Undergrad: 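A single structure is presented below for examination.
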Protein chains: 2
Amino acid sequence: MSVGRETRLSAWIERFAAHFAEEGIPLIGGRILGYLLVCQPTERTAAELSQELEASSGSISTNLKFLVNAGLVTKRTRRGRQAAQYRINEKRWVDMIQRKLDALVSVRELTESGMRLMSGDPERAMRLRTVDDLYTWLATELPAVWERRPSSSR
Amino acid sequence: MSVGRETRLSAWIERFAAHFAEEGIPLIGGRILGYLLVCQPTERTAAELSQELEASSGSISTNLKFLVNAGLVTKRTRRGRQAAQYRINEKRWVDMIQRKLDALVSVRELTESGMRLMSGDPERAMRLRTVDDLYTWLATELPAVWERRPSSSR
DNA sequence: CTATGGCTTCAGTGTCGACCGAAGTGTCGG
DNA sequence: CCGACACTTCGGTCGACACTGAAGCCATAG
C-alpha cells in the first residue's frame, strides 16, 4: 500500500514548517509557506488555507498578514465580494536570506563600539579584538559574495 | 559629571546581551559572554559572575553549562576546594558563526527532497525550484568563502 | 568521619507568545 | 437599508521557557 504524493507533500510541509519554527517563525506561518510553494493551483484564499492546514481563521489571518508584510506572500484582491487570493512570492526569498546575513554581520557594530570603549588598553581589548576581527572579515566578505549572485539584478 | 568606563561597559554588556537574546540566547547567557569578553582579570568564578551580573547562582550555573558546552567559555578547575574559574574562549566564536551559516544552508536539504517529490511535474515545481536554486547557490558559495578566511587553519 | 564550601539540580513562579474561536468591521449585491 | 460573506481583531487559554532560591550533592580539609 503505497503512500500518495499529496500525503507525502503534507509530511514535507510539516518538516518545512518545523525547520522555520526553530528560527522563530510561527508553525502556522511555516505551513502556509510550504503549502503555497507546492499547491496546485498556486493561489489560495484564506478560507482554503484554514481548511487545508486545519488552522483557525484568526491564525491564518495573523500569519498571512505577517508573511505579506515580509514580502514572501502576495495578496491578490478581486472585484465583487470574492475572497482575496494568496500566492507565494518566491522571488522575495532572497530578501529574507539577506536579512538573516545582515543580522549576523550587525554584531560588528557592537564589537566596534566595544573596541572604542577599550581604546587605551590593548591588553584588555585582546579578547574582544579576536571577535571584532571575525565580524569585520564577515562584513567585508559576505556582501561581496552577494554581488556575485546570479541575477543579483535586484 | 562624566560617566566612568566601567559604567559604560555595563551598558555595552547589556546591549550585547540584548542582541543575542533576539537570537534565542538567554539574557543571562549573553551577559556572561559580554562580561567575560571585557572583564579584568579575564577569569571569574561562578560566584563572582552571580554577584557582578546580579543573577541567581542557579541561572549562572545553567548558562555557564550551556556556554561551556557550546565551547564559548572554558572552565578551569583548581586543586583544593577552590572555585572553578571561567574565561571566554574567543577562538571558538568562529564555530558559532559556522553553525549559524550551516543552519541557513541546511534548508537546502528540505528544498531538495521537495523537488524530488515534484519530479515529473516541472510546471508545479517552478516555485520551489526558485527557492531550491537559491539555497543550492548558497551551499556552494558559503563554504568557499569560509576557506578563504584568514587562519582558517581552524 | 564530619564540617565546610561551591556548584548543580529542581520545583515553583512569572512572562511571553502562539493559537483558537467568537465578536466585530467592512464591503458588496440586492 | 439589509443580508451575506470574508477577513480582522481581541479576549482567553495553553504551553514553553527563563529565572529564582533552596535543597541536594560532591569534593576537600581538618
Side-chain angles (χ1 to χ4, degrees), chain A residues 13-36 41 43-70 72-88, chain B residues 13-36 41 43-70 72-88:
Chain A
I13 291 169
E14 207 55 27
R15 280 191 289 141
F16 192 84
H19 180 278
F20 286 98
E22 287 179 3
E23 299 188 7
I25 289 177
L27 202 47
I28 293 182
R31 288 195 185 112
I32 293 174
L33 282 181
Y35 184 74
L36 288 181
E43 290 188 320
R44 289 294 140 100
T45 66
E48 286 166 346
L49 290 171
S50 176
Q51 179 166 15
E52 195 66 38
L53 302 176
E54 295 174 273
S56 72
S57 61
S59 288
I60 295 294
S61 175
T62 301
N63 280 278
L64 276 178
K65 188 173 186 176
F66 169 73
L67 293 173
V68 167
N69 192 47
L72 293 175
V73 169
T74 302
K75 178 181 187 173
R76 186 168 68 86
T77 53
R78 297 175 294 175
R79 294 278 308 277
R81 61 169 96 150
Q82 307 261 14
Q85 300 272 85
Y86 295 90
R87 65 169 180 275
I88 199 79
Chain B
I13 291 168
E14 207 55 28
R15 278 190 290 141
F16 192 84
H19 180 278
F20 286 97
E22 288 180 2
E23 300 189 7
I25 290 177
L27 202 46
I28 293 183
R31 287 196 186 111
I32 293 174
L33 282 181
Y35 184 75
L36 288 181
E43 290 187 321
R44 289 296 140 99
T45 65
E48 287 167 344
L49 289 171
S50 176
Q51 180 166 15
E52 195 67 37
L53 301 177
E54 296 173 273
S56 71
S57 61
S59 287
I60 296 293
S61 175
T62 301
N63 280 277
L64 276 178
K65 187 173 187 176
F66 169 73
L67 293 173
V68 167
N69 193 47
L72 293 174
V73 169
T74 302
K75 178 181 188 173
R76 186 168 67 87
T77 53
R78 298 175 294 176
R79 296 277 308 276
R81 64 168 96 151
Q82 308 263 13
Q85 300 272 88
Y86 295 90
R87 65 170 180 277
I88 199 80

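Protein chains get the first letters and strands the later ones, always in sequence-line order, with residue 1 at the start of each. All values below were derived from every heavy atom in this structure, side-chain atoms included, with hydrogens, water molecules and symmetry-related copies excluded. Please read all numbers here as calculations on a predicted model, not as lab measurements.
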Undergrad: Quick one: pull up OG in A/S61 and CD1 in A/I28 and give me the separation to the nearest 0.5 Å.
TA: 11.5 Å
Undergrad: To the nearest Å, give me how far apart CG (B/L49) and C1' (D/dC19) are.
TA: 16 Å
Undergrad: Using a heavy-atom cut-off of under 4.0 Å over every strand shown, decide if B/I60 touches base, sugar-phosphate, or nothing.
TA: nothing
Undergrad: I want to check one thing: is the phosphate of C/dA18, taken as OP1 and OP2, less than 4.0 Å away from some side-chain N or O of A/S59?
TA: no
Undergrad: Is there a side-chain polar atom (N or O) of B/K65 under 4.0 Å from OP1 or OP2 of C/dT9?
TA: yes
Undergrad: Determine: side-chain N/O of B/K75 to OP1/OP2 of C/dG6, distance under 4.0 Å, yes or no.
TA: no
Undergrad: Answer yes or no: is there an ion pair linking A/R44 with A/E52, defined by an N-O contact shorter than 4.0 Å?
TA: no
Undergrad: Can you tell me how far apart CD (B/Q51) and CG (B/L53) are? Round to the nearest 0.5 Å.
TA: 10.5 Å
Undergrad: Restricting to ring pair (Phe, Tyr, Trp, His ring centres under 6.0 Å), what partner residues turn up for A/Y86, sequence neighbours left out?
TA: none
Undergrad: In whole Å, what is the span from the CG atom of B/L27 to the P atom of C/dT15?
TA: 15 Å
Undergrad: Let me know the distance between CG of B/L64 and P of D/dC19, rounded to the nearest Å.
TA: 13 Å
Undergrad: How many Å lie between CD on B/E23 and P on D/dC17, as a whole number?
TA: 18 Å
Undergrad: Say you draw a straight line from CZ of A/R87 to CZ of A/R76; how long is it, rounded to the nearest 0.5 Å?
TA: 6.5 Å
Undergrad: Taking only the side-chain heavy atoms of B/A83 (C-beta and beyond), determine which of D/dC7, C/dT9, C/dC7 contains the nearest atom.
TA: C/dC7
Undergrad: Between C1' on C/dC7 and CG on B/N63, what's the gap in Å once rounded to a whole number?
TA: 14 Å
Undergrad: Let's see if you can work this out: which of C/dT9, D/dA18, D/dC7 has an atom nearest to the side-chain heavy atoms of B/P26?
TA: D/dA18
Undergrad: In this structure, how many angstroms lie between the P atom of C/dC20 and the CG atom of A/L53, rounded?
TA: 10 Å
Undergrad: Picking from C/dC7, D/dC7, C/dT8, which would you name as closest to the side chain of B/S61?
TA: C/dT8
Undergrad: Rounded off to whole Å, could you give me the CD-to-P distance for the B/Q51 and C/dC7 pair?
TA: 13 Å
Undergrad: Side chain of B/A47 only, please: which of D/dC19, D/dC7, C/dC7 is the nearest?
TA: C/dC7
Undergrad: Which one, C/dC20, D/dT20, C/dC7, comes nearest to the side chain of B/I28?
TA: D/dT20
Undergrad: Identify which nucleotide among D/dC7, C/dC20, C/dC7 has an atom closest to any side-chain atom of A/T45, counting heavy atoms from C-beta outward.
TA: D/dC7
Undergrad: Choose from D/dC19, D/dC7, C/dT8 the nucleotide whose nearest atom is closest to any side-chain atom of B/Y86.
TA: C/dT8
Undergrad: Whole angstroms only, please: what is the CZ-C1' distance between B/R31 and D/dA18?
TA: 11 Å
